[in-house]
**Student:** 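Below you'll find the structure I mean.
On a predicted model such as this, the values are computed, not experimentally measured, just so you know. Residue numbers begin at 1 in each chain, while the letters A, B, ... track the order of the sequences.
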Amino acid sequence: MRSPDVVARELLGKTLVRVVDGERLEGIVVETEAYYGKGDPASRAYKGRSKYNTAMWEVPGRLFIYNVHKYLMLNVVAHVPSGVGGVLFRAIEPTFGLDAMMRRRPVIDMRELTSGPGKLSLALGVTRELNGVHVTDTGAPVHILDAPPVLVYGTSHRIGVTHDLPDELRFYVNGNRFVSR
DNA sequence: AGGAAGATCTACT
DNA sequence: GTAGATCTTCCTA
């Protein structure tokens with residue numbers, strides 16, 4: 001229940017957990033981006049509320065999933081009360097269940113496994129049915145485990161957006177191999 | 001109904 | 001570094 005940019009920073013270092021087909025997959029969040037609502041031309045909420053993006057207006061802490069090209073983007077809803085916004089997971093450092101991730105996304109170079117929003121969705125077996133799942137519920141098929149905040153981190157403009165805001169809304173763990181670029 | 005654009009990725013130069 | 005694949009949503013007619 002805070003601004004997307006605050007949540008995006010504080011998600012760095014937390015553990016993203018995915019339970020699928022009886023297997024547990026884990027990774028440390030190393031790259032995120034913040035998206036606002038009206039006023040943010042890069043946001044999926046920019047053009048107003050419709051069926052597919054309605055999660056961005058609703059309860060913070062739930063997943064928001066949508067596609068770009070052939071891939072699914074994994075987001076968590078984040079905003080102050082009665083606000084609009086979300087945080088995109090752009091990269092994780094895989095820490096558990098690597099073999100199961102490799103099955104879903106075979107790669108030679110491990111660095112390619114989860115170093116991008118579309119890549120991590122494939123590796124973690126993300127599907128549209130996960131829309132609306134609460135990430136604070138440790139019994140959920142996708143949830144997040146708390147960890148000490150990463151105090152020093154890098155920032156940049158968001159990647160791949162055609163109309164960005166003046167602020168730098170991409171956050172990443174300095175020097176981590178799994179950061180997308 | 002049709003076409004364009006997009007928070008991407010891969011393959012090839 | 002650039003081109004092309006590919007799927008959902010949105011805009012216009």
**Student:** To the nearest 0.5 angstrom, please state how far the CG atom of A:Leu120 sits from the CE atom of A:Met73.
**Tutor:**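 Output value for this atom pair is 8.0 Å.
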**Student:** Hey, which sits more toward the 5' end of DNA chain B by its nearest nucleotide, A:Val107 or A:Pro41?
**Tutor:**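 Here A:Pro41 is the residue nearer the 5' end.
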**Student:** Which nucleotide sits closest to the side chain of A:Val68: B:dC9, C:dC10, B:dA7?
**Tutor:**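 Nucleotide nearest to A:Val68's side chain: B:dA7.
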**Student:** Looking at every strand, decide which applies to A:Arg128 at a 4.0 Å heavy-atom threshold: base, sugar-phosphate, or nothing.
**Tutor:**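 Sugar-phosphate contact only - A:Arg128 comes under 4.0 Å of backbone atoms but never of a base.
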**Student:** When all nucleic acid strands are considered with a 4.0 Å heavy-atom cut-off, which category describes A:Arg44: base, sugar-phosphate, or nothing?
**Tutor:**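 Base, at least one base heavy atom under 4.0 Å.
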**Student:** Any side-chain N or O of A:Thr162 under 4.0 Å from OP1/OP2 of B:dA5?
**Tutor:**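 The answer is no; no side-chain N or O of A:Thr162 sits under 4.0 Å from OP1 or OP2.
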**Student:** Does A:Arg170 pair with A:Glu168 as a salt bridge, N-O distance under 4.0 Å?
**Tutor:**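 Not counted as a salt bridge, because no side-chain N and carboxylate O are separated by less than 4.0 Å.
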**Student:** Measure the distance between the ring centre of A:His69 and the centre of the six-membered base ring of C:dT6, then answer whether it is under 5.5 Å with planes under 30°.
**Tutor:**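 It does not: the two rings, one from A:His69 and one from C:dT6, miss the stacking criterion.
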**Student:** Any chain of hydrophobic side-chain contacts (each under 4.5 Å) joining A:Met110 to A:Leu124?
**Tutor:**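 Same cluster.
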**Student:** Closest-nucleotide mapping onto DNA chain B: is A:Ser115 or A:His163 further toward the 5' terminus? I mean the 5' end.
**Tutor:**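 The residue whose closest nucleotide sits nearer the 5' end is A:His163.
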**Student:** In whole Å, I'd like the distance from the CD1 atom of A:Ile65 to the P atom of C:dT9.
**Tutor:**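 From A:Ile65 CD1 to C:dT9 P: 13 Å.
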**Student:** Heavy atoms only, 4.0 Å cut-off, all strands: where does A:Asn75 land among base, sugar-phosphate and nothing?
**Tutor:**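 Contact class for A:Asn75: base.
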**Student:** Would you mind telling me which of C:dC7, B:dC9, B:dA7 lies closest to the side-chain atoms of A:Tyr66?
**Tutor:**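 Of C:dC7, B:dC9, B:dA7, B:dA7 is nearest to the side chain of A:Tyr66.
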**Student:** How far, in whole Å, is B:dA7 from C:dG1 if one measures between their P atoms?
**Tutor:**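 That atom pair is separated by 22 Å.
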**Student:** Within the structure shown, what part of the strands sits under 4.0 Å from A:Tyr52 by heavy-atom distance: base, sugar-phosphate, or nothing?
**Tutor:**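 Counting heavy atoms under 4.0 Å across all strands, the contact made by A:Tyr52 is with sugar-phosphate only.
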**Student:** Would you indicate, yes or no, if B:dT10 has its OP1 or OP2 atom less than 4.0 angstrom from a side-chain nitrogen or oxygen of A:Arg105?
**Tutor:**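 The answer is yes; a side-chain N or O of A:Arg105 sits under 4.0 Å from OP1 or OP2.
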**Student:** Tell me if a side-chain donor or acceptor on A:Asp40 pairs with a main-chain N or O of A:Tyr35 at a distance below 3.5 Å.
**Tutor:**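 Pair absent, no side-chain N/O of A:Asp40 close to backbone of A:Tyr35.
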**Student:** Scan every strand shown for a Watson-Crick or G-U wobble partner of B:dA7, both distances under 3.5 Å, and answer none if you come up empty.
**Tutor:**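 B:dA7 is paired with nothing.
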**Student:** Can you measure from OG1 (A:Thr155) to CG (A:Asp5) and round to the nearest 0.5 angstrom?
**Tutor:**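 Nearest 0.5 Å value for the OG1-CG distance: 11.5 Å.
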